Novice: 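Next up is a structure, given as structure tokens.
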Amino acid sequence: MVENFDEWFHDILEQADITDSRYPIKGMAVWRPYGFQIRKHSMNIIKKLLDKDHDEVLFPMLVPESELAKEGIHVKGFEDEVYWVTKGGQRELNEQLALRPTSETAIYPMYSLWIRTHIDLPIKMYQIVNTFRYETKHTRPLIRVREITTFKEAHTAHATKEESDEQIEDFIEMYKEFFDDLGIPYLISKRPEWDKFPGSDYTMAFDVIMPNGKTLQIGTIHNLGQTFAKTFDITFEDKDGEHKLVYQTCAGVSDRVIASLIGVHGDDKGLRLPPKVSPNQVTIIPILFKKGKEEVLAKCSEIKDTLEDAGLRVNIDDRDIRPGKKFNDWELKGTPIKLELGPRDLENNITIAMTRDTEEKTEIPLDDNLADSIIDLLNQSSENLSSQAWDFLNEHVKFAHNLDEVAELVESGNVVKFYWCGEEEVGHEIEEKTGYDVLGIQEEVSEGKCIASGKDAKYVALIAKTY
Ligand code: 5CA
């Protein structure tokens, strides 16, 4: 799987009924029912976090060219990626309309209307929508798509710079909590100047290391300063009666959350889903013989009811096929616990639980503690998947003292830390010489020499092969 991760990933999406890429537009795929549920449960987690202090909204998908073009740096960043609607029926439109590549230029003209005084601030809104980017790099399902179907974007506006800086910290904490819930490990860095979000002051990014050693950017948080406020005239009357520009931030995650979930936890047998987002947390597999069939099925239903009453998502696989095939199917689909129940188990009043993460079998009495025992196993499974994933990430971050070492370490599947003087030309030189991407700055330092210029280092930065 590690050697052929891209192939594994591509195949598992189809085999486990996540998405179907045979849709006849490149970079666009269909969410199938099983995948859709994983997506739904994942988005519910982030919605819950956002709902604490954000309002959910829904903006139109089309943006007039005049608005999109207003913020020069922003539009430059996206101009090669925008899809345009130019006709309504047979008629050319007076003004062409962009399919949002992201929604700053849709949302901020409205912020300009809504924000009047300091009482209206802060504003914190989010939406989960589809966005469109005509990506020119190699497209890959969920990882680099042209219709980003699951774009969670949050947009905030504040009266002071301090508040907007605090908001960046809040988003970082929120994303940590989100990814922790999914057991997805991450590296947080400040993107270099040349890779920040178009129009932002700076960008903080979350990256995960996929099994093949390539990193995937799974979330970004941007401090927009007052750039968009100036462009879209977003001002407020402050307590002192003065009219001031707001400070803004925005933060986004996408379908890549699901890609990383699949990538970091999966194994040769298929998906291993964290219980929180698995469509079924428990799959009951009846072992049926002619004799006693009805009794076994009745008991399975009873177990299902008991577990559902305890708040779990449970299904019974009563398809008329060999039990072995059922086990394989649910292994592939990554259901956290399979419960096996046959006539002999019924006689002994037990069921056999098989956990997907450890592949261990546990005998569980069918008594009043059944739900508690299962919940314990599910919690262990969450923790185990998370700690395995974090171990993998930690084992694959190495420190290099020179450019040769960088190459050696990246080629053997690692993300590499190095000392950097912080100068942009030197950063470009490092990228050109190695062929890898500088992810960003992890911390400031007052020791060490830059790996390329030999000057005093300012930062420990990260470099990697990236998706
Ligand atoms: N407006 C800001 C914050 S919402 C924004 O658009 N930021 S972004 O460009 O960095 O995108 C947010 C996140 O979407 C990225 O961190 C990345 O994880 C994801 N993303 C970007 N492009 C794609 C793509 N083509 N396919 C899948 N995910 C993508």
Side-chain angles (χ1 to χ4, degrees), residues 1 4 7-22 30-38 41 261-262 265-275 277-308 312-367 370-371 373-375 377-378 380-381 384-385:
M1 166 199 173
N4 270 320
E7 200 180 314
W8 176 89
F9 183 73
H10 187 271
D11 292 347
I12 198 77
L13 293 181
E14 312 278 319
Q15 288 162 2
D17 291 338
I18 308 286
T19 55
D20 195 328
S21 295
R22 289 172 299 179
V30 181
W31 280 98
R32 303 196 57 190
Y34 196 72
F36 193 87
Q37 286 199 61
I38 300 172
H41 295 305
L261 190 72
I262 292 169
H265 298 310
D267 67 11
D268 288 330
K269 292 181 178 160
L271 301 178
R272 297 194 307 167
L273 293 174
V277 295
S278 184
N280 309 296
Q281 295 162 319
V282 178
T283 294
I284 304 172
I285 302 179
I287 311 294
L288 302 172
F289 299 94
K290 270 197 193 109
K291 197 166 154 255
K293 185 175 172 183
E294 295 310 317
E295 287 80 358
V296 168
L297 282 172
K299 192 69 183 177
C300 288
S301 287
E302 197 185 308
I303 294 173
K304 181 171 189 276
D305 289 345
T306 305
L307 297 180
E308 281 179 345
L312 299 176
R313 297 188 290 269
V314 187
N315 68 325
I316 301 176
D317 187 348
D318 55 6
R319 290 178 297 169
D320 189 16
I321 53 172
R322 281 184 305 106
K325 167 87 172 108
K326 296 184 188 180
F327 277 97
N328 289 343
D329 284 357
W330 292 107
E331 222 150 48
L332 176 76
K333 287 193 158 179
T335 212
I337 295 180
K338 295 186 283 298
L339 279 187
E340 178 186 324
L341 189 89
R344 191 166 308 152
D345 302 318
L346 192 58
E347 260 169 43
N348 297 330
N349 207 35
I350 54 142
T351 173
I352 312 290
M354 203 172 149
T355 41
R356 177 65 179 89
D357 60 317
T358 56
E359 298 189 358
E360 273 165 18
K361 286 187 170 186
T362 321
E363 213 178 89
I364 300 185
L366 292 171
D367 58 19
L370 174 66
S373 311
I374 297 290
I375 289 169
L377 284 179
L378 288 170
Q380 283 168 31
S381 166
N384 183 37
L385 286 176

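This is a predicted model, so every value here is computed, not measured.
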Novice: Examine distances only and state if a side-chain atom of N348 and a backbone atom of D345 form a donor-acceptor pair shorter than 3.5 Å.
Specialist: no
Novice: Answer yes or no: are there more than 12 heavy-atom neighbours, outside R319 itself, under 6.0 Å from its atom CZ?
Specialist: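 Enclosed.
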Novice: Kindly give the heavy-atom pair with the smallest separation between I287 and F327, and that separation in Å.
Specialist: CD1-CE1, 4.3 Å
Novice: Are any side-chain N or O atoms of W330 and backbone N or O atoms of I285, one a donor and one an acceptor, separated by less than 3.5 Å?
Specialist: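 Answer holds: no.
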Novice: If we only count heavy atoms from C-beta on, is the I284 to D317 side-chain gap below 4.5 Å?
Specialist: no
Novice: Work out which heavy atom in T362 is nearest to a heavy atom in L377; give both atom names and the distance.
Specialist: OG1-CD2, 4.4 Å
Novice: Would you mind checking if D20 and R22 are paired as a salt bridge, meaning a charged N to carboxylate O distance below 4.0 Å?
Specialist: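 So R22 pairs with D20 through a salt bridge.
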Novice: Is there side-chain contact between V30 and T19, with at least one heavy-atom pair below 4.5 Å?
Specialist: no
Novice: Whether the side chain of T335 engages the backbone of N280 through a donor-acceptor N/O pair (distance < 3.5 Å, no angle test) should be reported.
Specialist: yes
Novice: How long is the straight-line distance from CD1 of I303 back to CD1 of I316, given to the nearest 0.5 Å?
Specialist: 8.0 Å
Novice: Could you check whether any side-chain N or O of Q281 sits under 3.5 Å from a backbone N or O of P275, counting only pairs where one atom can act as donor and the other as acceptor?
Specialist: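 Yes; at least one donor-acceptor contact below 3.5 Å.
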Novice: Could you give the distance from CD1 (I352) to CZ (R344), rounded to the nearest 0.5 Å?
Specialist: 11.0 Å
Novice: Just so I know, are the side chains of P274 and H265 near enough to count as touching, which here means a heavy-atom distance under 4.5 Å?
Specialist: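 The answer is yes, as the side chains (C-beta and beyond) meet within the 4.5 Å cut-off.
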Novice: Taking only Lys NZ, Arg NE, NH1 and NH2, and the carboxylate oxygens of Asp or Glu, determine whether R272 and D357 approach each other closer than 4.0 Å.
Specialist: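 Not counted as a salt bridge, because no side-chain N and carboxylate O are separated by less than 4.0 Å.
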Novice: Going from OG on S381 to CG on L385, what distance comes out if it is rounded to the nearest 0.5 angstrom?
Specialist: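 Reported value, rounded in 0.5 Å steps: 4.5 Å.
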Novice: Roughly how far, to the nearest 0.5 Å, is the NZ atom of K333 from the CG atom of L273?
Specialist: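 One gets 10.5 Å once the value is rounded to the nearest 0.5 Å.
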Novice: Do the non-hydrogen side-chain atoms of L312 and I375 ever get within less than 4.5 Å of each other?
Specialist: yes
Novice: So, for I350 and P365, which heavy atoms are closest and what is the spacing to 0.1 Å?
Specialist: CG2-CA, 4.1 Å
Novice: If you count heavy atoms of other groups shown closer than 6.0 angstrom to OH of Y34, is the number above 12?
Specialist: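 More than 12 within 6.0 Å, yes.
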Novice: Check whether any side-chain heavy atom of Q15 lies under 4.5 Å from a side-chain heavy atom of L332, and answer yes or no.
Specialist: yes
Novice: Run the salt-bridge test on D329 and K325 with the 4.0 Å N-O cut-off and return the result as yes or no.
Specialist: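 Yes, this pair counts.
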Novice: Please test N315 against T283 for side-chain hydrogen bond (donor to acceptor under 3.5 Å, both in side chains), starting from the C-alpha separation and ending with a verdict.
Specialist: CA-CA 5 Å; N315 68 325; T283 294; 2.7 Å; yes
Novice: Find the distance between CG (L288) and CG (D318) and round it off to the nearest 0.5 Å.
Specialist: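 Output value for this atom pair is 8.0 Å.
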Novice: Going by an N to O cut-off under 4.0 Å, is there a salt bridge joining K299 and E302?
Specialist: yes
Novice: For the pair R356 (side chain) and E331 (backbone), establish whether a donor and an acceptor sit closer than 3.5 Å, ignoring hydrogens and angles.
Specialist: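 Yes; judged by distance alone, with no hydrogens or angles, the pair exists.
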Novice: In the structure I gave you, are the side-chain heavy atoms of V314 and D305 within less than 4.5 Å of one another anywhere?
Specialist: no
Novice: May I ask you to say whether R32 pairs ionically with E14, meaning some side-chain N is under 4.0 Å from a carboxylate O?
Specialist: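 Looking at E14 together with R32, the answer is no, because their closest N to O distance does not fall below 4.0 Å.
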Novice: Determine whether E359 and K269 satisfy the following criterion, side chain to side chain contact (heavy atoms under 4.5 Å, CB included), listing intermediate values before the conclusion.
Specialist: CA-CA 11 Å; E359 298 189 358; K269 292 181 178 160; 3.0 Å; yes
Novice: Atom CG of L13 and atom CH2 of W31: how far apart are they, to the nearest 0.5 Å?
Specialist: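 Output value for this atom pair is 8.5 Å.
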Novice: Heavy atoms, side chains only, cut-off 4.5 Å: are P286 and L341 in contact?
Specialist: no
Novice: Show the numbers, then the answer: is there a salt bridge (Lys or Arg N to Asp or Glu O under 4.0 Å) between R313 and E308?
Specialist: CA-CA 6 Å; R313 297 188 290 269; E308 281 179 345; over 6 Å; no
Novice: With heavy-atom distances below 4.5 Å as the criterion, would you say the side chains of L307 and L339 are in contact?
Specialist: yes
